[in-house]
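For reference, the structure is listed below as structure tokens.
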Amino acid sequence: MLDDRARLLLKTLIERYIADGQPVGSRTLSRASGLDLSPATIRNVMSDLEEIGLIASPHTSAGRVPTARGYRLFVDTMLTAQQGEMEAPALTPDQPQKVIANAAQLLSNLSHFVGVVMAPRRSSVFKHIEFLRLSERRLLLIIVAPDGDVQNRVLFTDSDYTASELQEASNYLNANFSGMAIEQVRARLHHEVDRLRGEIAKLMQAAVQVGSEAMSQAQDEVVISGERNLLAVTDFSSDMNQLRRAFDLFEQKTQLMRLLDVSSEAEGVRIFIGGESQTVPVEDLSVVSAPYEVDGQVVGTLGVIGPTRMPYDRMIQIVDITSRLVSNALSSGKP
């Protein structure tokens with residue numbers, strides 16, 4: 001356990017490093033902390049902090065910088081949240097995709113880093129299905145969800161269908177299965193195949209299969225905004241390898257999805273610091289995230305991705321207020 005003096009010096013060092021981006025020396029620490037300590041005493045405390053892995057000494061400087069472990073202790077026990085409501089433009093209730101895209105951009109604009117939003121998780125319930133003939137043996141499947149979200153998929157068939165057959169298939173699905181999950185429809189159709197004309201049954205089964213894939217893909221969407229902001233961050237512009245790894249993370253999205261999934265299981269804002277575990281695979285990156293809700297149910301996660309040397313108190317405010325704005329825009333005010 002750190003004593004009060006060591007805690008204050010660590011807190012001051014991290015705050016100075018976040019503000020200036022330069023390793024912090026004992027003289028700077030003495031002035032900024034307000035403690036009446038000799039440089040030798042401060043150097044001894046810093047040496048102790050370095051020995052337990054909370055700060056490190058870059059070989060190019062006599063000053064110290066925080067480690068991932070030091071940042072973790074700082075954000076968990078020393079961070080003072082800013083008071084007062086941050087001004088942020090409201091998110092207008094709209095189609096979920098538009099709200100999500102606007103939220104990612106808002107996070108990026110407010111933080112000057114990268115905004116990321118995981119699209120809402122939702123059941124694969126459909127409200128309406130329609131078939132549109134594009135050409136011979138090529139159809140457009142249109143699936144409308146209860147919240148108004150529309151998924152379109154091209155369907156290739158073994159047979160050519162007339163307009164009346166397509167209408168018959170969509171009428172049957174809408175009349176018997178509207179409001180059910182696609183998975184339930186598939187199970188029901190399997191038992192009702194014998195009652196339906198062969199070609200129509202095959203068409204509906206193909207539609208349900210493609211519809212299930214479409215709904216699943218829609219739920220896995222991650223919207224990212226502001227990646228180029230990292231190019232202006234000194235911590236990355238001086239280390240192309242770290243920058244490349246960061247962009248790989250944005251490109252592949254799988255690790256990002258896993259991270260956001262973990263975030264959605266917790267209440268309130270969470271902070272993930274690169275270098276402390278494999279959760280964030282890029283050492284100089286941190287993620288500040290929070291879940292958002294629709295009508296009281298957590299359905300997704302959003303956050304800010306930036307350098308470990310970020311103003312965490314401000315990022316917490318930005319992420320918290322954006323999660324509430326998204327929740328409001330997607331809930332009772334839905335168009």
Side-chain angles (χ1 to χ4, degrees), residues 91-103 117-223 257 292-300 326-335:
L91 288 172
T92 307
D94 208 322
Q95 297 296 339
Q97 304 101 311
K98 194 165 183 181
V99 172
I100 296 308
N102 289 343
V117 185
M118 185 170 72
R121 277 193 216 85
R122 57 182 183 275
S123 68
S124 57
V125 170
F126 80 95
K127 179 182 178 183
H128 183 79
I129 281 182
E130 194 172 328
F131 298 96
L132 183 66
R133 188 178 187 276
L134 298 175
S135 61
E136 187 177 351
R137 300 184 182 180
R138 187 164 159 266
L139 310 173
L140 182 66
L141 174 66
I142 304 167
I143 306 171
V144 183
D147 63 3
D149 183 46
V150 179
Q151 292 292 324
N152 297 320
R153 288 295 184 275
V154 175
L155 190 61
F156 295 93
T157 61
D158 294 332
S159 307
D160 194 19
Y161 293 92
T162 65
S164 62
E165 288 173 326
L166 296 179
Q167 190 65 54
E168 179 186 345
S170 61
N171 286 346
Y172 187 89
L173 289 170
N174 292 325
N176 293 280
F177 304 119
S178 177
M180 292 176 59
I182 292 283
E183 292 77 16
Q184 292 175 291
V185 178
R186 186 187 312 193
R188 285 271 298 274
L189 273 179
H190 181 71
H191 295 295
E192 295 185 15
V193 161
D194 294 338
R195 291 172 43 203
L196 301 167
R197 289 195 294 114
E199 291 304 318
I200 295 296
K202 284 172 62 177
L203 171 61
M204 287 192 283
Q205 287 176 317
V208 166
Q209 175 63 35
V210 172
S212 178
E213 293 168 3
M215 300 293 252
S216 173
Q217 288 170 9
Q219 292 180 53
D220 288 345
E221 185 181 3
V222 177
V223 179
M257 284 290 299
Y292 63 89
E293 302 176 345
V294 173
D295 297 327
Q297 295 292 317
V298 171
V299 295
V326 171
S327 298
N328 291 338
L330 292 177
S331 295
S332 53
K334 288 180 288 202

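Owing to the predicted nature of the structure, the values given are computational and were not obtained by experimental measurement.
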Notebook entry, point to check: Closest approach of Ala329 and Leu91, non-hydrogen atoms and distance?
Noted result: CB-O, 3.5 Å

Notebook entry, point to check: How many angstroms lie between atom CZ of Arg153 and atom CD1 of Ile143, to the nearest 0.5 angstrom?
Noted result: 8.0 Å

Check: What distance do Met204 atom CE and Asn176 atom CG have between them, rounded to the nearest 0.5 Å?
Finding: 8.5 Å

Notebook entry, point to check: Between Arg138 and Val154, does a side-chain contact (heavy atoms from CB on, under 4.5 Å) hold up when you go through it step by step?
Noted result: CA-CA 7 Å; Arg138 187 164 159 266; Val154 175; 3.9 Å; yes

Next item on the list: Write down the atom of Pro146, the atom of Val125, and the distance for their closest heavy-atom approach.
Entry: CD-O, 3.3 Å

Next item on the list: Indicate yes or no for a side-chain donor-acceptor contact from Ser331 to the backbone of Asp295 under 3.5 Å, with no hydrogens or angles considered.
Entry: yes

Margin query: If you compare all heavy atoms of Glu130 against all heavy atoms of Ser170, which two are closest, and at what distance to 0.1 Å?
Written below: CA-CB, 4.2 Å

Next item on the list: Show the numbers, then the answer: is there a side-chain contact (heavy atoms from CB on, under 4.5 Å) between Tyr161 and Phe131?
Entry: CA-CA 10 Å; Tyr161 293 92; Phe131 298 96; over 6 Å; no

Check: Rounded to the nearest 0.5 Å, what separation is found between the CG atom of Leu203 and the CG atom of Leu166?
Finding: 6.5 Å

Check: When rounded to the nearest 0.5 angstrom, what distance separates CZ in Arg133 from OG1 in Thr157?
Finding: 9.0 Å

Item checked: Exercise: identify the closest heavy-atom pair between Phe126 and Leu173 -> CZ-O, 3.8 Å

Next item on the list: For Ser164, check side-chain hydrogen bond (donor to acceptor under 3.5 Å, both in side chains) against everything at least two apart and list the hits.
Entry: Thr162

Note to self: Assess the residue pair Leu141 and Asn152 against the criterion (side-chain contact (heavy atoms from CB on, under 4.5 Å)); give the C-alpha distance rounded to whole Å, side-chain angles, the decisive distance to 0.1 Å, and a yes or no.
What the structure shows: CA-CA 6 Å; Leu141 174 66; Asn152 297 320; over 6 Å; no

Next item on the list: Measure the OH-CE distance between Tyr292 and Met118 for me, rounded to the nearest 0.5 Å.
Entry: 6.5 Å

Notebook entry, point to check: Below 4.5 Å, heavy atoms only, C-beta onward: do Pro96 and Leu330 meet side chain to side chain?
Noted result: yes

Next item on the list: Check whether any side-chain N or O of Asn174 sits under 3.5 Å from a backbone N or O of Ile129 as a donor-acceptor pair, and report yes or no.
Entry: yes

Next item on the list: Evaluate the side-chain contact (heavy atoms from CB on, under 4.5 Å) criterion for residues Val210 and Phe156: first the C-alpha distance (whole Å), next the side-chain angles of each, then the deciding distance (0.1 Å), finally the verdict.
Entry: CA-CA 10 Å; Val210 172; Phe156 295 93; over 6 Å; no

Note to self: Please check: side-chain N/O of Ser178 versus main-chain N/O of Lys127, any donor-acceptor pairing under 3.5 Å?
What the structure shows: yes

Item checked: Polar side-chain atom of Arg137 near backbone of Asp158 as donor-acceptor pair, under 3.5 Å -> yes

